[in-house]
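What follows is a short report on a single structure.
In the text below, chain A, chain B and the rest are named by the order of the sequence lines, each starting its count at 1.
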Protein chains: 2
Amino acid sequence: MLKYQHIANEIEKYIEDHALKQGDKLPVLEKLMTQFGVSKSTVTKSLDLLEKKGVVFQVRGSGIFVRKHKRKGYINLLASQGFKNSLEEFQLTSEVLQLKVTKPTQEAAVNLNVELNQDVYYVKRIRYIHGQPLSLEESYFNKAIITYLNKEIVAESIFNYITEGLGLKIGFSDTFLHIGKLNEEEAKYLELEKDEPKLEMESVFHLNNGQPFDFSKVTYNYQQSQFFVQASSYSL
Amino acid sequence: MLKYQHIANEIEKYIEDHALKQGDKLPVLEKLMTQFGVSKSTVTKSLDLLEKKGVVFQVRGSGIFVRKHKRKGYINLLASQGFKNSLEEFQLTSEVLQLKVTKPTQEAAVNLNVELNQDVYYVKRIRYIHGQPLSLEESYFNKAIITYLNKEIVAESIFNYITEGLGLKIGFSDTFLHIGKLNEEEAKYLELEKDEPKLEMESVFHLNNGQPFDFSKVTYNYQQSQFFVQASSYSL
DNA sequence: AAGTGGTCTAGACCACGGC
DNA sequence: CCGTGGTCTAGACCACTTT
């Protein structure tokens, strides 16, 4: 494992183990350098990583501090592929409604950057939290990249299979959010009424070489879904 | 200006000027180093910055590529304080409904980390896009930090005033999203019906030293609002 | 003035992709 | 094998905060 990743993990563990709260001060750079026996740049890189993840913030001339918000049960929109991290303490299950190899819709073809006659996996499933329907998902996977899927994989974590099983590396994702009203089918699956609010999330996931491999449309039950985003000021 | 920021700006401008598209290749590191006359680390830092901003992605052994999604009119959830960047090409106006110095609500006091008897600025305004109501905003500013506000400032960009006028530096923000149904007052301002969908966004903005200075609750017109988030894989 | 983080360099070596 | 990006170092110097 890379040094700076390892150090970042250690620091995160340290925060966890000592139950540090927002604003608590971490050891100074010098201390961390000697403690881990690495150069300043490496420690800095670890801290930059933790800053991106929203775990710490650094103040010049002052120190390194813990960043931690208090709310629980929110889905982190930046933890890419959804919940596993944000909601790991909750009871999540999923039901696979459909799994097949087919041709993409126009929309899926555009987003996956494939031709209309190329094969894709189509997956439709419902996610439950504490037995309540949380979301209805439709996903398209480029079969040229994701060469094989089955019900077992799809019932568990597809992304875990992609990284572990297929040895692929996920690079980045684009996610688009809309608010609207449920249609009849969505309402049925989510156990709500037609025309009640919904959040629709469309995501395109790319490998680390930039190839899109997954286009997903997820409809959330508005009663169960809350999201958070931690931003840092590189946006000026 | 810092070298790496300047270089990042230049590269972004280069992409813009040459109308590069997703997947287009940028000059190699070596080239950028000599072109800008800086060390490898500095170019790398620029590229990391652009990667965080979702402008490029780097592939080891292969090159540096442009990252660009096609959809227009989406609000970037990471560009902290809202629209200015994402929607700058659209006609945005705002109407100030209220501006006063008062005591915080319980909720605002908790989020701003102030006592209930400390002064805060309370601002209520509506944002319009192309003359259509986009959002209804209620904001609380810690008066100990944001020492002065007036109608003119509030009608324009408050954040611009905070950075330029007051010389403060914004550090990071936490944003929470909920979906719900409009109440009567919200419906009136947004020119919708009661019980129609709404997106409610609560944000806490912090200075670069970690102090929270702004707690805002924004209710979006579901017909006007679409959001996007670009994630990168540091989430593993 | 002392403490602490941020920027930048020059260079060594490593890891991955593509020819 | 070569081109290309990624990690890591040691050290100089800078900028902001705290005492």
Could you pull out every donor-acceptor pair under 3.5 Å between side chains of residues 33-47 of chain B and any protein atom, sequence neighbours left out?
from	atom 1	to	atom 2	distance (Å)
T34(B)	OG1	E30(B)	O	3.4
T34(B)	OG1	K31(B)	O	3.0
S39(B)	OG	T42(B)	OG1	3.3
T44(B)	OG1	K40(B)	O	2.9
S46(B)	OG	Y4(B)	O	2.9
S46(B)	OG	T42(B)	O	3.1

Exercise. Along DNA chain D, 5' to 3', what are the outermost nucleotides having an atom less than 4.0 Å from a heavy atom of chain A?
Worked result: dT7(D) to dT18(D)
Problem set entry | Check: K68(A) main-chain N/O paired with Q22(A) side-chain donor or acceptor under 3.5 Å | yes
Problem set entry | Approximate separation, where rounding is to 0.5 Å, of D24(B) CG and R67(B) CZ | 15.5 Å
Exercise. Hey, are K52(A) and E51(B) close enough for a salt bridge, meaning a charged N less than 4.0 Å from a carboxylate O?
Worked result: no
Exercise. If you pin K25(B) and S39(A) to their nearest nucleotides in DNA chain D, which one's is more 5'?
Worked result: K25(B)
Exercise. For K40(A) and dG5(C), what is the distance between atoms NZ and P respectively, to the nearest whole Å?
Worked result: 9 Å
For this session: Report the residue (T42(A) or P27(B)) whose heavy-atom-nearest nucleotide on DNA chain D is the more 5′ of the two.
Result: P27(B)
Problem set entry | Any residue meeting ring-ring contact (aromatic ring centres under 6.0 Å, His included) with H6(A), in chain and number order, not counting sequence neighbours | none
Problem set entry | Nucleotide dT4(C), atom C1' - distance to CD of Q58(A) in whole Å | 11 Å
Exercise. Hey, what bend do you get for the helix from dA1(C)-dT18(D) to dG18(C)-dC1(D) if you fit axes on five pairs at each end, rounded to 10°?
Worked result: 20°
Exercise. Taking 4.0 angstrom as the limit, do E138(B) and K217(B) come out as a salt bridge?
Worked result: no
For this session: Would you check if L177(A) and L77(B) make a side-chain contact, meaning some heavy-atom pair closer than 4.5 Å?
Result: yes
Exercise. Taking for each residue the nucleotide of DNA chain C with the nearest heavy atom, is it L29(A) or M1(B) whose nucleotide lies nearer the 5' end?
Worked result: L29(A)
For this session: Look at all strands and tell whether I64(A) reaches a base, only sugar-phosphate, or nothing, counting heavy atoms closer than 4.0 Å.
Result: sugar-phosphate
For this session: Measure the spacing between CG of N209(A) and CD of Q58(B) and express it to the nearest 0.5 Å.
Result: 14.0 Å
For this session: Would you please name every residue forming a side-chain contact (heavy atoms from CB on, under 4.5 Å) with E156(A), sequence neighbours left out?
Result: none
Atom pairs, N/O to N/O, protein against nucleotides 15-19 of chain C, distance under 3.5 Å?
from	atom 1	to	atom 2	distance (Å)
dA15(C)	O4'	R60(B)	NH1	2.8
dG17(C)	O4'	G61(B)	O	3.4

For this session: Validate the cation-pi geometry between R71(B) and F228(B): distance from NZ or CZ to the six-membered ring centre under 6.0 Å, angle to the ring axis within 45°.
Result: no
For this session: Fit a plane to each ring of F213(B) and F205(B), take the angle between them on a 0 to 90° scale, and name the class: parallel (under 30°), tilted (30 to 60°) or perpendicular (over 60°).
Result: tilted
For this session: Report the distance from atom CG of L2(A) to atom P of dC14(C), rounded to the nearest whole Å.
Result: 14 Å
